[in-house]
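Right, one structure below, let's go through it.
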Amino acid sequence: MKIATFNVNGVNGRLAVLLRWLEQARPDAVCLQELKTPQEKFPAAALEQAGYGAVWQGKKSWNGVAILARGADPVETRRGLPGDPDDAQSRYIEAAVGGVLIGCLYMPNGNPAPGPKFDYKLRWFERLTAHAAELMAAGIPAALVGDFNVMPTDLDVYKPERWVDDALFRPEVRAAFAGLTGQGWTDALRAAHPTERLYTFWDYFRNAWGRDAGLRIDHLLLSPAIAGRLTAAGVDREVRGWPKASDHAPAWIELSDVAAKRTTRARRTAVP
DNA sequence: ATGACTGATCTCATCAGA
């Protein structure tokens, strides 16, 4: 099972890029962020045509998240994080796809920091962490996937010293990320590539893509129930170089099939 | 410290993004 995340930066303006990538990458489940579309203008028909069922939470102009499933309809389990009924920013949607509960999230940017936007980010992070603890306690196969707007370590930033006062890299935010993964979640890209510089975002400014001045801010966190099934992880970097590209590239993981694993185990047992 | 670039919007200017 292949699970991917892609901050599309406008799902309608980016539809050609998204469809091209879906056809090439053929992920089984996809988390999208920054739809930048009202609920009724989400391109559900075009995605259906491409073979994907979808659930989504839109919002005019900003934010918005969706979960796609290849040849299936995601079974929605939640939209919006618990803890603030007045929060209308469309940053979280959750659905079951292929036996995995997938939480698709778009963490607030938080700049400028300090300030009210940064405070909102930290509060949102606390709500995510509280909800993640419930999923963890339930012991279910789960993945928290999306644009976390956090570089977890120096290895995830092209020039760490330039970012220490930024809302994506301030100590409070890195500590929040460490606290979340400390519950037992596996940062899949980093687990698969422990020492490699991997980026998922390159600013439109200053020729960041051309200079490879990137950030790793899109993450796939796996619960213990599925972390052992991780077989591969990567970033589809080339997508960032396509015409009309998003400023993010898709990131993905592969999980081994549960049934295949059972077969392997049975076969091993049978061999003397 | 500023602004570069991009998409969306009740567009020809502003906001938000990261």
Side-chain angles (χ1 to χ4, degrees), chain A residues 5-21 31-43 46 56-66 87-92 104-122 124-125 128 146-174 176-177 189 197-219 235 237 239-251:
Chain A
T5 181
F6 189 11
N7 179 323
V8 287
N9 188 10
V11 72
N12 288 309
R14 205 76 62 204
L15 189 58
V17 169
L18 176 59
L19 293 174
R20 178 182 172 189
W21 169 72
C31 294
L32 301 177
Q33 304 85 34
E34 279 207 85
L35 303 178
K36 292 186 171 180
T37 179
Q39 186 70 12
E40 64 276 13
K41 289 191 177 166
F42 181 82
W56 67 97
Q57 189 185 24
K59 181 175 179 59
K60 194 169 83 171
S61 301
W62 296 304
N63 311 327
V65 283
D87 188 351
Q89 289 208 15
S90 295
R91 293 179 178 276
Y92 189 84
C104 171
L105 64 111
Y106 176 44
M107 178 74 64
N109 176 300
N111 276 308
K117 289 187 173 184
F118 190 61
D119 294 341
Y120 174 69
K121 178 177 195 169
L122 293 179
W124 204 92
F125 218 139
L128 175 66
D147 180 354
F148 283 70
N149 269 318
V150 183
M151 296 84 88
T153 72
D154 283 0
L155 189 58
D156 305 309
V157 197
Y158 67 97
K159 191 175 273 196
E161 64 274 18
R162 287 257 175 109
W163 288 84
V164 285
D165 288 326
D166 191 278
L168 278 69
F169 199 53
R170 284 174 69 98
E172 304 96 306
V173 179
R174 273 183 279 167
F177 187 85
L189 265 88
R197 286 202 168 271
L198 287 172
Y199 302 138
T200 64
F201 167 89
W202 297 260
D203 210 313
Y204 289 123
F205 299 164
R206 312 175 202 88
N207 189 33
W209 170 242
R211 296 185 295 121
D212 196 26
L215 309 173
R216 188 174 75 96
I217 55 177
D218 300 275
H219 307 301
V235 179
R237 276 179 61 104
V239 177
R240 180 62 180 82
W242 289 356
K244 296 264 293 175
S246 168
D247 39 6
H248 294 250

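Numbered from 1 within each chain, the chains take letters A, B, ... in sequence-line order. If you're wondering where the values come from, they're calculated on a predicted model, not measured in any experiment.
Distance CZ (A:R91) to C1' (B:dA16): 10 Å, rounded to an integer number of Å. Taking atom CD of A:E34 as the reference point, atom C1' of B:dT9 lies 15 Å away to the nearest angstrom. Between the CE atom of A:M151 and the P atom of B:dG17 there is a distance of 15 Å, given to the nearest Å. In this structure, the CG atom of A:N63 is 9 Å from the C1' atom of B:dA16, given to the nearest Å.
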From CA spacing to verdict: side-chain contact (heavy atoms from CB on, under 4.5 Å), A:Y158, A:W202: CA-CA 10 Å; A:Y158 67 97; A:W202 297 260; over 6 Å; no
For nucleotides 2-7 of chain B, which of its nitrogen or oxygen atoms have a protein nitrogen or oxygen under 3.5 Å away, and what is each distance?
{"unit_1": "B:dA4", "atom_1": "N1", "unit_2": "A:R206", "atom_2": "NH2", "d": "3.2"}
{"unit_1": "B:dG7", "atom_1": "OP1", "unit_2": "A:R14", "atom_2": "NH1", "d": "3.4"}

Polar pairs (N or O, both sides) under 3.5 Å between protein and nucleotides 10-12 of chain B?
{"unit_1": "B:dC10", "atom_1": "OP1", "unit_2": "A:K60", "atom_2": "NZ", "d": "3.3"}

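Heavy atoms of A:Y106 sit under 4.0 angstrom from primed sugar atoms or phosphate atoms, though from no base atom. Residue A:N7 is classed as a sugar-phosphate contact, given heavy-atom separations below 4.0 Å to backbone atoms only.
Close to B:dG17, at under 4.0 Å from its OP1 or OP2, lies a side-chain N or O of A:K117.
For the atom pair CG (A:L198) and CG (A:L189), the distance works out to 6.0 Å, reported to the nearest 0.5 Å. Here A:D154 contributes atom CG and A:K159 contributes atom NZ; the two are 13.5 Å apart, rounded to the nearest 0.5 Å. Between the CZ atom in A:F42 and the CG atom in A:N12 there is a gap of 8.5 Å [rounded to 0.5 Å].
The gap from the P atom of B:dC10 to that of B:dC5 amounts to 25 Å, rounded to the nearest Å. Distance noted for atom P between B:dA13 and B:dA4: 15 Å (whole Å). Taking atom C1' in both B:dT11 and B:dT6, one finds a spacing of 15 Å when rounded to whole Å. Only the C1' atoms considered, B:dA1 is 28 Å distant from B:dC12, to the nearest whole Å.
Base pairing annotation: B:dT11 forms no Watson-Crick or G-U wobble pair, as no partner gives both donor-acceptor distances under 3.5 Å. If you check B:dT6 for Watson-Crick or wobble pairing at under 3.5 angstrom, you find it paired to B:dA16.
Using modelled atom types and a 3.5 Å distance limit, the side chains of A:N111 and A:K117 yield no donor-acceptor pair.
Taking the nucleotide of DNA chain B with the nearest heavy atom to each of A:L168 and A:K41, the more 5' of the two is matched to A:K41.
Between A:N9 and A:Y204, the closest side-chain pair of non-hydrogen atoms falls below 4.5 Å. Looking only at side-chain heavy atoms (C-beta outward), A:R20 and A:P243 come within less than 4.5 Å of each other. Here the side chains of A:R91 and A:L105 are not in contact, with every heavy-atom distance at 4.5 Å or above. Between A:Y120 and A:Q89 the shortest side-chain heavy-atom distance falls below 4.5 Å.
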